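Down below is the structure, laid out as structure tokens.
Below, all heavy atoms of this structure are taken into account, side chains as well, without hydrogens, waters or symmetry copies. Below, read A as the first sequence line, B as the second, and so on, with proteins coming before strands; counting in each chain starts at 1. Quantities reported herein were computed from a predicted structural model and do not represent experimental measurements.
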There are 2 protein chains.
Amino acid sequence: MNRLPSPHRPRALAPIPHVAGVDYDVLDELIGYTLRRAQVAMFLAFHEATRGLEITPPRFTALVIVGANPGIGQSALGQVLGIARSGAMMLTDWMEQRGLAERHQRPGDRRAWGVYLTARGEREVARMKRRVLAEDRRRSAKLGAGERRRLLALLKKLAG
Amino acid sequence: MNRLPSPHRPRALAPIPHVAGVDYDVLDELIGYTLRRAQVAMFLAFHEATRGLEITPPRFTALVIVGANPGIGQSALGQVLGIARSGAMMLTDWMEQRGLAERHQRPGDRRAWGVYLTARGEREVARMKRRVLAEDRRRSAKLGAGERRRLLALLKKLAG
DNA sequence: GCCGATTGTTATAGACCATTACAATTCTCC
DNA sequence: GGAGAATTGTAATGGTCTATAACAATCGGC
């Protein structure tokens, strides 16, 4: 089996299969279940693209958001990620320890810190974005370009 | 905030929002990210449908699979769910403790047990299925019937 | 009949994340 | 202008989920 260097192991190393001879009953009519199977499949694409990088989807998302919104506060970061403030803080700690981001005082407010990518962070995030996007496209190449666009639109409509 | 009776708490109580004024950069072009947002949204539908039932998506899936495939072994169950055998066993323990399923010897093989729904399990699972399906449809009603079908097809094609 | 594979099981450990509480600071509004 | 409410980041704690590893019993192929 495909072992990983213990920390930062993904939850699933293999896609959720559709086992032959098994009756899936109502599951195949549920958007929720089908969504999850597709998500696991695409998670593998992400894992492939970031192999050896000690990164996870939340970390990647945090890096991209900080890169595109320099000086964002940790509460706002948590809100965007859909996690609690304490979780956003741990992500920020991680980014800082890796030298990818820094906290800087913000002039207006002495409570809020404001997170910024470092120069090295900018470089690495740009590289990651290229790789993740390429792999996401490659893995979803089972769909044609039109289908891919339509899927994105449907998903966004669903997520509101 | 919306508190729940400590055990069996869902991971996310609120949808992942699209915060106004925030630049999402490449995220909005990633199937993986968009998929996750949609999945969280639909998870809330599930949570709504099973409120007060001490159930989770893996538990529900296990119950449905056992119901539709009586006598399935725990290894096969784990494979269908995409989890390790040990996890399938704990799910089976849970179903048994709740009186929803039972392990029975299977004639051919004295290693494998074979899981079956109890009469009460049959009843409860039927009820759950109705509720979950109804809520899944309700929550995805933002899409028209045709869009919903197309989304299902695209997701299945993606998950392979 | 023996060796490898498979099944269920148990124990352990780690990742992830929410909750709670706290101090510092800012905001509200009278 | 001042008191109380709200917000920010932080730290400590705990719970849930699930994989990993090791084990005994059993089966299958040769």
Could you check how far [atom1] of [X] sits from [atom2] of [N], rounded to whole Å?
{"X": "A:Q105", "N": "D:dG9", "atom1": "CD", "atom2": "C1'", "answer": "11 Å"}
{"X": "B:R110", "N": "D:dT26", "atom1": "CZ", "atom2": "P", "answer": "6 Å"}
{"X": "B:E54", "N": "D:dG15", "atom1": "CD", "atom2": "P", "answer": "16 Å"}
{"X": "A:I83", "N": "C:dA15", "atom1": "CD1", "atom2": "C1'", "answer": "14 Å"}
{"X": "A:L91", "N": "D:dA11", "atom1": "CG", "atom2": "P", "answer": "15 Å"}
{"X": "A:L77", "N": "D:dT10", "atom1": "CG", "atom2": "C1'", "answer": "15 Å"}
{"X": "A:I55", "N": "C:dC16", "atom1": "CD1", "atom2": "C1'", "answer": "16 Å"}

Identify every side-chain donor-acceptor pair in residues 63-73 of chain A under 3.5 Å, counting partners at least two apart or on other chains, and give the distances.
| unit_1 | atom_1 | unit_2 | atom_2 | d |
| --- | --- | --- | --- | --- |
| A:N69 | OD1 | B:D23 | N | 2.8 |
| A:N69 | ND2 | A:I65 | O | 2.9 |
| A:N69 | ND2 | B:D23 | O | 2.8 |

I want to confirm an ordering. Mapping A:G87 and A:G108 to their closest nucleotides on DNA chain C, which one lands closer to the 5' end? A:G87

How are the rings of B:Y33 and B:Y24 set relative to one another: parallel (under 30°), tilted (30 to 60°) or perpendicular (over 60°)? tilted

Assess the residue pair B:E122 and B:T118 against the criterion (side-chain contact (heavy atoms from CB on, under 4.5 Å)); give the C-alpha distance rounded to whole Å, side-chain angles, the decisive distance to 0.1 Å, and a yes or no. CA-CA 6 Å; B:E122 296 277 8; B:T118 61; over 6 Å; no

Show me, pair by pair, the donor-acceptor contacts under 3.5 angstrom made by side chains of residues 123-130 of chain B, not counting sequence neighbours?
| unit_1 | atom_1 | unit_2 | atom_2 | d |
| --- | --- | --- | --- | --- |
| B:E124 | OE2 | B:R120 | NE | 3.3 |
| B:K129 | NZ | A:D25 | OD2 | 2.5 |

Would you mind writing out the side-chain donor-acceptor pairs for residues 151-160 of chain B within the sub-3.5 Å range, not counting sequence neighbours?
| unit_1 | atom_1 | unit_2 | atom_2 | d |
| --- | --- | --- | --- | --- |
| B:K156 | NZ | A:D28 | O | 2.9 |
| B:K157 | NZ | A:E147 | OE1 | 3.0 |
| B:K157 | NZ | A:E147 | OE2 | 3.3 |

Could you tell me whether the side chains of A:Q79 and A:R85 share a donor-acceptor contact shorter than 3.5 Å? no

Between the two end axes of the helix from C:dG1-D:dC30 to C:dC30-D:dG1, each built from 5 base pairs, what angle do you get to the nearest 10°? 40°

Should B:I16 and A:V80 count as side-chain neighbours, where that means a heavy-atom distance under 4.5 Å? no

Taking salt bridge (charged side-chain N to carboxylate O under 4.0 Å, His left out) as the test, write out the residues that go with B:R98, two or more places apart. B:E54

Identify the heavy atoms of A:M95 and A:V115 that sit nearest to each other, and give their distance. CE-CG1, 4.5 Å

Review item, nucleotides 8-12 of chain C N/O atoms under 3.5 Å of protein N/O:
| unit_1 | atom_1 | unit_2 | atom_2 | d |
| --- | --- | --- | --- | --- |
| C:dG8 | OP1 | B:Q74 | N | 2.9 |
| C:dG8 | OP2 | B:Q74 | N | 3.4 |
| C:dG8 | OP2 | B:S75 | N | 2.7 |
| C:dG8 | OP2 | B:S75 | OG | 2.8 |
| C:dG8 | N7 | B:R85 | NE | 3.4 |
| C:dG8 | O6 | B:R85 | NH2 | 3.4 |
| C:dT9 | OP1 | B:R103 | NH1 | 3.3 |
| C:dT9 | OP2 | B:Q74 | OE1 | 2.8 |
| C:dT9 | OP2 | B:Q74 | NE2 | 3.0 |
| C:dT9 | OP2 | B:R103 | NH1 | 2.4 |

